[in-house]
Structures are given as structure tokens and as C-alpha cells.
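Reading through the C-alpha cells given below for one structure.
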Number of protein chains: 2
Amino acid sequence: MANLEKPLSQRKKQILKAIIESHIANGEPVGSKYLMENKQIACSSATIRNEMAELEAMGYLEQPHTSAGRVPSEAGYRFYVDTLLEEYAITTKEIQEIHDMMSAKVGELDQILNMASKVASSMTHYTAIAVKPKTDQVTVDRFETVWIDSRRFLLVMVSSDEAVHSKTITVSADLSATDVLQIADALNRCVAGRTADEITLPVLMELESQLKNPALMTPVMKLVYDVMNRYDHGELNVTGLDRLLEYPEYSDVTELRQLIGTIENKEEIVTLVSEAEKDRNNVVIGSESEVKVMENSSLVFKPVIKDGKTVGAIGVIGPLRMDYARVLALLGTLTGSISEMLDGGTQPKLPKGEVNDDGTG
Amino acid sequence: MANLEKPLSQRKKQILKAIIESHIANGEPVGSKYLMENKQIACSSATIRNEMAELEAMGYLEQPHTSAGRVPSEAGYRFYVDTLLEEYAITTKEIQEIHDMMSAKVGELDQILNMASKVASSMTHYTAIAVKPKTDQVTVDRFETVWIDSRRFLLVMVSSDEAVHSKTITVSADLSATDVLQIADALNRCVAGRTADEITLPVLMELESQLKNPALMTPVMKLVYDVMNRYDHGELNVTGLDRLLEYPEYSDVTELRQLIGTIENKEEIVTLVSEAEKDRNNVVIGSESEVKVMENSSLVFKPVIKDGKTVGAIGVIGPLRMDYARVLALLGTLTGSISEMLDGGTQPKLPKGEVNDDGTG
DNA sequence: GTTTAGCACTCTTTTTGCCTTAGTGCTAAT
DNA sequence: ATTAGCACTAAGGCAAAAAGAGTGCTAAAC
């Protein structure tokens with residue numbers, strides 16, 4: 001079990017790499033004879049066996065039972081991803097495919113992300129996810145209101161991260177158009193520019209005194225809090241869940257159930273992705289994550305950056321023997337292509353102007 | 001196979017009902033002896049066998065193989081649902097449970113529906129869905145604009161179904177606050193009150209002539225079309241997908257894959273539900289639906305009515321041997337409870353006012 | 001000292017045959 | 001019209017046997 005971080009000989013690396021790649025391709029334990037014959041390793045099967053025994057002692061390989069070939073351990077995959085993996089040379093055809101599918105959807109960020117997840121799933125043959133991460137605390141810098149009818153008005157909030165949020169508020173009291181303007185005034189005076197923490201009781205009392213109709217306090221403030229605190233407490237869109245069933249590792253029903261459960265539940269995965277650093281390749285192998293249920297699965301994802309900020313992520317969930325190289329490459333170009341679409345504020349594709357969703361500026 | 005619509009004798013009905021209910025409970029083919037012993041049928045197993053043979057000839061039963069018991073056919077389930085089924089007496093405890101879980105979420109329609117789907121799934125032990133049906137074509141009755149910054153403004157649309165939609169529009173040109181007001185003016189003059197079909201080339205030309213900056217035409221009109229045509233082209237939220245795996249009928253991987261695929265794909269199911277009549281109990285048994293892949297599953301759903309209009313639906317997907325009686329009863333009280341919450345426009349729970357999502361006012 | 005050939009060993013998987021079981025259909029008696 | 005009785009059928013379970021795959025180890029070769 002203990003992996004003492006000894007540097008591996010060149011041949012050990014070669015063998016480990018060959019084993020992992022075979023196993024990724026076939027899903028079956030790989031044996032010494034197979035390696036010798038199919039993987040051009042320049043020594044006999046006996047030598048390979050010796051090397052494998054050592055690799056197993058180091059914790060990189062496992063043996064399902066005495067007379068089976070070897071299977072990579074989590075540590076093995078980790079080592080592979082960190083040091084052995086050769087960059088997958090993405091084909092121009094694949095690039096073309098990505099661009100074709102993506103350019104169809106020049107629209108809201110949500111739509112782009114969901115489309116990207118579709119692309120990711122169909123190109124990698126794994127289940128894909130689009131994540132809108134939890135966002136940090138923001139302030140609302142400007143409030144506007146639009147009168148709708150005597151019972152409803154629209155509250156528009158431009159927040160410090162340049163997002164625009166708007167929500168309809170329904171009240172039981174009668175509202176005039178001027179009432180509604182006055183509400184915006186009061187909010188701009190008392191609340192604008194503050195973080196949630198800075199909205200203390202005195203601030204609220206001041207606000208209440210400025211409102212002609214204090215009955216509005218509750219719904220309005222609820223909304224403001226929502227926007228500032230965790231309006232975006234993350235979203236997760238799943239595509240190609242059925243693809244899990246392509247892999248025999250998910251033929252165990254109870255395990256599959258649990259995994260589908262966690263994916264559907266969203267919370268844990270959103271947290272995991274939200275807490276990731278934005279410039280790394282994020283590869284979570286099995287029990288490396290605290291998400292218990294993912295013990296036999298890997299999650300690979302890549303943030304989508306806009307103007308230097310993480311605005312989303314695209315990821316792929318599959319068995320431990322995921323084709324990391326290809327997935328990483330595809331996610332790379334995919335997120336790159338999205339960032340390109342997003343950056344600069346104006347997209348090159350639409351000549352004149354374009355449309356964004358609420359709150360995604 | 002041929003079911004000649006002969007009226008069934010009382011005893012045949014009794015036997016058919018007993019078979020179906022046993023099969024729903026156990027999932028196994030049921031035999032004559034079992035029926036006699038456990039279901040209080042006042043005749044010998046031989047007689048039951050004779051009756052079963054006839055019921056099979058009529059198409060209500062099937063036999064997996066020569067020496068197995070009988071299993072209900074789709075026609076059998078249909079007959080059961082239409083004429084045999086006794087109303088399930090929902091317990092006060094269940095009613096309590098529903099109300100408890102639902103009252104936690106007095107909020108937007110979307111949230112209510114999704115919560116309801118959670119409740120439905122957890123109480124029935126089947127996969128549940130919340131559907132927002134496709135809506136008919138609407139007109140936009142009023143436009144408002146809010147200036148955000150030199151490159152963005154918010155377009156607010158109040159549509160004929162009283163929903164409020166708002167979207168940020170980003171443009172490459174510089175915008176002043178007055179530009180933005182002028183856009184609203186132009187839209188109100190040319191487009192307000194028309195259906196999508198009525199927006200013809202002359203109307204568009206008129207609009208363009210009124211816009212100070214014709215570059216805005218494309219994004220603005222795209223948005224307007226979206227709202228009017230199929231902004232709501234239906235939504236489907238799934239809960240408890242993992243519950244499918246509780247039932248042995250889904251242990252066939254390829255079938256399960258297909259079903260999960262269709263559920264995830266949403267389109268077909270949304271259409272199916274959207275086209276349903278609003279006052280019937282909607283029970284789709286296996287291949288009754290045109291959705292190929294649902295051949296071995298049933299879908300039971302019930303619309304959610306607000307002010308006489310269908311605003312959503314809650315449904316349950318499971319194996320053919322679904323506990324129809326209980327599911328129907330639970331969906332009934334569930335949707336009833338939602339309609340109650342929604343009706344009247346203002347919810348009694350919030351004393352002062354409340355918040356609605358965009359477009360669901 | 002490393003590599004390799006060879007072989008015994010281990011464990012899994014597949015095959016085979018046999019027996020048991022569940023439930024039927026039919027016939028003849030009630 | 002009902003029922004008892006019985007022969008018949010197909011599936012499922014079990015155990016022994018056979019086949020297969022791959023290892024670890026030893027002893028020889030480089």
C-alpha cells in the first residue's frame with residue numbers, strides 16, 4: 001500500500017502507462033502476456049510480471065484476485081494523470097464539431113453552458129455536467145423599479161459583479177407608479193453599495209422610515225438578501241446520465257443508485273466544483289473527493305472563465321478508468337471556446353448586438 | 001389477443017382484479033393456487049385456471065412461459081384503471097405529510113412544482129416529474145426599458161398572460177438613457193398587442209424606422225419572438241430518478257438506458273403532458289403513448305390548475321405494475337393542495353407581500 | 001545481476017447434467 | 001358448471017467437472 005515516492009524507472013513508467021491505457025480502453029484487468037504482445041514492451045512477460053509485482057507493492061496497481069491481471073489503483077490513476085499522461089492531440093475534426101455545435105447557441109450563459117454539457121457528453125461518451133458555481137457575496141449598486149400593475153412591480157438590481165437581476169414582486173396593497181419609484185429611491189439611498197453584513201438594524205430602520213408603505217419591507221428585503229448572499233447558490237445541469245450505463249462498472253445496482261442520487265441531488269457536486277481553483281485542471285479521482293458515493297467514479301471539470309472570473313464549469317463524470325487525456329483535451333477546447341465567445345463583452349458572432357440572461361451580465 | 005369487449009362476469013372481474021393487485025404488490029406472476037389461498041376466491045384452483053385461460057384469450061392476461069402464473073397485459077391494466085380500480089383511501093397521515101412538506105415552500109410556481117415532484121417521488125417511491133407545459137402563443141402588451149450602462153439595458157415585457165419577462169440586452173453601440181426609453185416607445189407603438197403572426201414585414205419596417213439605432217433590431221426582436229412564441233416551450237424537472245432502480249423491471253440495462261434517455265431528453269414527455277386534457281386523470285400505460293421507449297413503463301400525471309388554467313403538472317413514472325390507485329389519490333391531493341395555494345392570486349401564508357419569479361406572476 | 005523460460009498453482013468462469021419447483025392444461029368424475 | 005387428479009413443461013438451483021487466464025517462483029541463460 002505504502003507508496004514511498006521513489007522515482008519510478010523508465011520501464012516501470014512505461015509498463016504502468018501501458019496497463020492504465022489498456023485498462024481504460026478495455027475495462028478488464030491486464031496481464032503480462034497481453035502487454036508484451038500488444039504494447040511493444042521490450043522484455044519478456046516474466047520480467048513484466050516482476051515489474052508489476054513491484055508496482056503493486058508501491059500501491060499503483062491492484063489485483064482483483066490471485067489469477068487475474070492487474071488493475072490500476074486510484075494512486076495509479078493519480079500518478080498517471082499527474083505525470084504520465086500525454087496530451088491528447090485533439091483532431092481538427094473534433095474542434096470543428098465543437099465549434100459547430102457551440103456556435104448554434106449564441107445566447108445566454110445558461111444556454112451556452114448547457115449546450116456545452118451536451119457537447120461534452122456526446123463527444124466523450126460520459127455523463128456531463130454544467131455547473132454555475134456559487135458566487136461570492138456581492139453588493140447591489142443600483143436599484144430600479146418598473147411599475148407593472150396595481151399589485152405588481154419589477155425590482156431591478158445591478159450588482160457589483162455587473163450582473164443584472166430582476167424579479168417581479170407581488171403585493172397585496174395598491175401600488176401607484178410613483179410609489180414604485182419611491183421604493184427604488186429609498187433602496188438606492190439606504191442599501192445600495194452595502195454588503196449583506198453591512199445591512200444592520202439601523203440601516204433597515206432607516207429604510208423602513210423612508211418607505212411609504214412599510215409592508216413592502218419583507219418581500220423587498222428578502223429579494224435583496226437573496227441577490228447579495230446566495231442568489232446563485234449554484235446550479236447543476238446534467239446531460240447524458242444514461243451514458244453511465246454504458247460502463248460495466250455501473251452494473252452494480254445499489255452503487256449506481258447512489259451515484260445517480262448524488263448527481264440528482266446536486267448540492268455536493270456544486271460545492272465541490274465551486275471550491276475548485278480556477279486555473280488548474282480539476283481531476284477528482286474516486287475517494288479523493290469527500291463525496292462518499294463517488295468512490296468508484298471520477299469527475300473531471302474545467303472552469304469557464306469570463307473576464308478573469310469563473311462564471312461556470314463544464315465537467316464529466318464517469319468510471320475511474322476514464323479516458324482522462326481525451327476528456328481533458330476536449331474540456332479544454334470546449335471551455336476555451338466558450339470563454340472566447342464570452343470575453344470582451346460583445347461576441348464576434350452576432351454583428352450587431354446580443355442577448356443575455358438576467359443576472360449574468 | 002382480440003378483446004371483443006364482452007362484458008366480464010363478476011367472477012372474472014374479481015379474479016382479474018386480484019391478479020393485478022397481487023402482481024402490483026409482488027411483481028411476480030400469480031398462479032391459481034395463490035389466488036385461491038390468499039385472495040378469498042370462492043372456487044377451486046381449477047376453476048380459477050379455467051377463468052384465467054379465458055381472460056388470457058380475451059387479452060387481459062399474459063403468460064411469461066407455459067409453467068408460470070399470469071401477468072396482466074397492458075389491456076388488463078387499462079381495464080383495471082378504467083373500471084376495476086377502487087379509490088385509494090388516502091390516510092390523514094399522508095395528507096398531513098403532503099401539507100407539511102408543501103407549506104415549507106410558499107414561493108414561486110417553479111419552486112412549488114419542483115417541491116411537489118419531490119413530495120410525489122418520496123411518497124410514491126416512483127420517479128416523479130414536474131412539468132411546466134408549453135404555453136399558447138401570447139402577445140406582449142407593454143414594453144419597458146431600464147438603462148443599465150452604456151452597453152446594456154433591460155427589456156421588460158408584460159405579456160397578455162400577465163407574466164413579466166425581463167432580459168438584459170448587450171449591444172456594441174453606446175446607449176444613453178433616452179435612447180433606451182425611445183426603444184420602449186417604438187416597441188409599444190409598433191409591436192405591443194400583436195401576436196407573432198401579426199408581426200409582418202411592414203410592421204418590422206415601421207419599427208426599424210422608429211428606432212434611432214437600427215442595429216438594435218436583431219437582438220430585440222429575437223427576444224420578443226422568444227417571449228411570444230415559445231419562450232415557455234415547456235420545462236421538465238425530474239426527481240428520484242434513482243427510484244427506477246428499485247424495481248426489477250428495470251434491471252435490463254438497455255431498456256433502462258433508453259428510459260432514462262427519454263426522461264432526460266424531456267421533449268417527448270413535455271409534449272405528451274402538454275397535450276393532455278386538463279380535467280381527466282391521465283394514465284398512460286406502456287405503449288399507449290407514442291413514446292416508443294416507454295413501452296414498459298407507465299406515466300400517471302395530473303395537471304395543476306390556477307384560475308381555471310393549466311399552469312403545470314405533477315406526474316409519476318414507473319413500471320407497468322404501478323400502484324395506480326395510490327398514485328392517483330396522492331397526485332389528486334397534491335395538485336389539489338397546490339391549486340389551493342395558487343388560487344386567488346395572493347397567498348394567505350405571507351401576511352404582507354411576496355416574491356415571484358420572472359414570468360410566473 | 002538482470003532477464004527469461006518453464007511449470008505448478010490458484011482462482012474464476014463456463015459448461016453440463018440433474019433435480020426440484022411451480023404452475024399449467026386436460027380428462028374424468030361429481 | 002365445478003372440481004379433483006395427474007401428466008406435462010419450463011425455469012431455477014446446485015454441484016461437479018472442465019476450461020481458461022494469469023500469476024509466482026525456480027532455475028537456467030545472458
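So you know, we letter chains A, B, ... as the sequences are listed, proteins then strands, and number each from 1.
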Could you name each residue pair satisfying salt bridge (charged side-chain N to carboxylate O under 4.0 Å, His left out) that touches residues 35-46 of chain A, not counting sequence neighbours? none
So the salt bridge (charged side-chain N to carboxylate O under 4.0 Å, His left out) pairs with at least one residue in residues 21-33 of chain B (sequence neighbours excluded) are B:K17-B:E21
Going 5' to 3' along DNA chain D, which are the first and last nucleotides with any atom under 4.0 Å from a heavy atom of chain A? D:dA21 to D:dC25
Between residues 65-73 of chain A and DNA chain D, which residues have a heavy-atom gap below 4.0 Å? A:T66, A:S67, A:A68, A:G69, A:R70
DNA chain D contacts made by residues 13-44 of chain B, counting heavy atoms under 4.0 Å: B:C43, B:S44
Write down the distance between [atom1] ([X]) and [atom2] ([N]), rounded to a whole number of angstrom.
{"X": "A:Q63", "N": "C:dC9", "atom1": "CD", "atom2": "P", "value": "18 Å"}
{"X": "A:Q10", "N": "C:dT2", "atom1": "CD", "atom2": "P", "value": "17 Å"}
{"X": "B:R49", "N": "C:dT27", "atom1": "CZ", "atom2": "C1'", "value": "12 Å"}

By ring pair (Phe, Tyr, Trp, His ring centres under 6.0 Å), which residues pair with B:Y250, not counting sequence neighbours? none
Ring pair (Phe, Tyr, Trp, His ring centres under 6.0 Å) partners of B:Y247, counting only residues at least two apart: B:Y126
Test side-chain hydrogen bond (donor to acceptor under 3.5 Å, both in side chains) applied to B:T91 - qualifying residues, sequence neighbours left out: B:E94
With sequence neighbours left out, what residues match [X] under side-chain contact (heavy atoms from CB on, under 4.5 Å)?
{"X": "A:E97", "result": "A:M123"}
{"X": "B:A329", "result": "B:Y88"}
{"X": "A:S32", "result": "A:S45, A:I48, A:R49, A:M52"}
{"X": "B:N50", "result": "none"}

Can A:N296 and A:E249 be counted as having a side-chain donor-acceptor contact under 3.5 angstrom? no
